[in-house]
Amino acid sequence: MIAVSVRITSRTALCGVLLHPAGHTRSPAMHNAAFAALGLDALYLAFDVPPESLAAAVGGVRALGLRQVAVSLPHKQAVMEHLDAVDEVAQRIGAVNTATRGERGLVGSNTDWIGAVRALERAGPLAGQRAVVLGAGGAARAVVYGLVERGARVTVLNRSESRARELARALGAEAGGTPAELAAYPHDLLVNTTSVGLREDLSPVPAEALRSGSVVMDAVYDPPRTRLLRDAAARGARTVEGKWMLVYQAAEQLSLWSGCEAPVDVMEKAFDEGG
Ligand SMILES: NC(=O)c1ccc[n+]([C@@H]2O[C@H](COP(=O)([O-])OP(=O)(O)OC[C@H]3O[C@@H](n4cnc5c(N)ncnc54)[C@H](OP(=O)(O)O)[C@@H]3O)[C@@H](O)[C@H]2O)c1
């Protein structure tokens with residue numbers, strides 16, 4: 001664990017994350033390590049906010065002048081009505097994961113899509129790539145938005161096919177069948193945004209449908225090497241762990257309020273050590 005020592009003064013900026021249940025979040029470790037590396041006079045805390053307290057919590061953020069809060073499950077949609085403004089991208093995605101204090105008050109934005117795109121760009125450019133996204137929930141909306149924005153051609157596969165159709169129509173993608181039918185969808189990139197594999201040794205797709213030479217990212221980051229990523233590597237695909245999406249979205253959050261370039265390597269190390 002990285003030791004974080006902050007000399008708290010009357011000028012110390014306060015940031016945090018609103019989530020429920022608080023459980024185990026690595027956001028404080030990542031952000032506090034970055035603040036220390038940058039010499040920022042700032043502190044980051046986790047706030048366990050049940051749904052019935054969300055409005056009051058946002059009022060508290062505003063009244064106490066927190067510089068920024070990350071907004072995590074289950075508040076990403078519900079928080080929108082409590083903010084002073086929501087930027088256009090977050091409105092399109094339909095979810096806010098960041099509220100930052102500015103001239104317009106508390107403004108909602110979404111950095112999940114940037115996190116996903118930067119994580120995938122570690123493996124190469126996205127323009128013109130054939131991408132398949134598994135899932136049609138909140139993470140899928142951010143990933144599909146990001147891929148379309150970068151010029152990839154995206155097909156969405158989901159257990160509930162009507163949700164995939166709705167998402168695809170809203171964000172400029174195509175809808176296909178279920179993840180079990182992946183073999184019918186040739187692709188260069190595959191991103192899992194279903195919760196299959198979260199703390200369980202299961203994959204959302206048959207291993208035989210994974211393609212040699214493709215890039216496979218799993219948004220699930222617990223465990224770090226999911227069944228999907230192990231199957232993909234065994235089939236000759238390049239893999240991107242879900243932690244990169246989380247680290248890059250947090251890096252963007254830090255830049256938004258501080259104007260500093262975030263130390264991604266420091267944040268990644270803090271993520272690993274906070275596991
Ligand atoms: N790395 C990151 O930065 C990051 C960021 C956000 C989320 N995530 C991860 O992404 C995952 C999804 O999060 P979310 O917020 O999008 O959740 P969500 O809105 O609840 O969506 C869940 C998705 O998983 C599908 N699903 C759930 N159980 C399934 C099953 N047994 N078989 C097939 N499909 C199943 C759902 O399909 P139906 O539509 O059919 O229900 C839906 O598409 C979580 O594991 C979360 O930890 C990671």
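In each ligand, atom 1 is the first atom listed, and ligand 1 is the first ligand listed. Note that the structure is a prediction, hence the values are computed from the model and not measured.
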Check: [X] N/O within less than 3.5 Å of ligand 1 N/O:
{"X": "Q249", "result": "no"}
{"X": "A139", "result": "yes"}
{"X": "A140", "result": "no"}
{"X": "G138", "result": "yes"}
{"X": "S160", "result": "yes"}
{"X": "G242", "result": "yes"}

From [X] atom [atom1] to [Y] atom [atom2], the distance as rounded to the nearest 0.5 Å:
{"X": "L45", "Y": "L66", "atom1": "CG", "atom2": "CG", "answer": "8.5 Å"}
{"X": "E88", "Y": "N110", "atom1": "CD", "atom2": "CG", "answer": "14.0 Å"}
{"X": "M267", "Y": "H31", "atom1": "CE", "atom2": "NE2", "answer": "4.5 Å"}
{"X": "D218", "Y": "L198", "atom1": "CG", "atom2": "CG", "answer": "9.5 Å"}
{"X": "T12", "Y": "L40", "atom1": "OG1", "atom2": "CG", "answer": "11.0 Å"}
{"X": "L120", "Y": "L189", "atom1": "CG", "atom2": "CG", "answer": "6.0 Å"}

Identify which of R159, E161, K76, Q77 has a heavy atom lying nearest to atom 28 (N) of ligand 1. R159
Taking the minimum heavy-atom distance to atom 5 (C) of ligand 1, which of M245, M217, R141 ranks first? M245
Check ligand 1 against [X] and write out every atom of the ligand that is under 4.0 Å from a heavy-atom position of the residue.
{"X": "S195", "result": "24 (O), 27 (C), 28 (N), 45 (O)"}
{"X": "V220", "result": "45 (O)"}
{"X": "R163", "result": "38 (P), 39 (O), 41 (O), 42 (C)"}
{"X": "Y221", "result": "1 (N)"}
{"X": "G135", "result": "43 (O)"}

Nearest protein heavy atom to [atom]: under 4.0 Å?
{"atom": "atom 35 (C) of ligand 1", "result": "yes"}
{"atom": "atom 17 (O) of ligand 1", "result": "no"}
{"atom": "atom 24 (O) of ligand 1", "result": "yes"}

Give me the nearest non-hydrogen protein atom to [atom] as residue plus atom name, then the distance to 0.1 Å.
{"atom": "atom 1 (N) of ligand 1", "answer": "A219 O, 2.9 Å"}
{"atom": "atom 21 (O) of ligand 1", "answer": "G137 CA, 3.5 Å"}
{"atom": "atom 32 (N) of ligand 1", "answer": "V196 CG2, 3.5 Å"}

Is it the case that one hydrophobic cluster holds both I8 and L64, taking links as side-chain heavy atoms less than 4.5 Å apart, direct or via other members? yes
Indicate yes or no: at least one non-hydrogen side-chain atom of R235 is less than 4.5 angstrom from one of R211. no
Take E252 and S255 through the side chain to side chain donor-acceptor pair (under 3.5 Å) test and state the conclusion after the steps. CA-CA 5 Å; E252 178 66 13; S255 299; 5.0 Å; no
Just do the side chain to side chain donor-acceptor pair (under 3.5 Å) check on S203 and R230 with the steps written out, would you? CA-CA 10 Å; S203 169; R230 285 184 280 118; over 6 Å; no
Pick one of side chain, backbone, both or neither for how [X] approaches ligand 1, counting any non-hydrogen atom pair under 4.0 Å.
{"X": "T194", "result": "both"}
{"X": "T193", "result": "backbone"}
{"X": "N158", "result": "side chain"}

For E268, the option from R26, K243, R122 that meets salt bridge (Lys or Arg N to Asp or Glu O under 4.0 Å): K243
Matching residue for D84 among R104, R62, R101 - test: salt bridge (Lys or Arg N to Asp or Glu O under 4.0 Å): R62
Qualifying residue for side chain to side chain contact (heavy atoms under 4.5 Å, CB included) with V156, from L171, V144, V132: V144
Is there a side-chain contact (heavy atoms from CB on, under 4.5 Å) between H20 and V49? Walk through the geometry before answering. CA-CA 5 Å; H20 182 74; V49 177; 5.5 Å; no
Does P204 have a heavy atom less than 4.0 Å from any atom of ligand 1? no
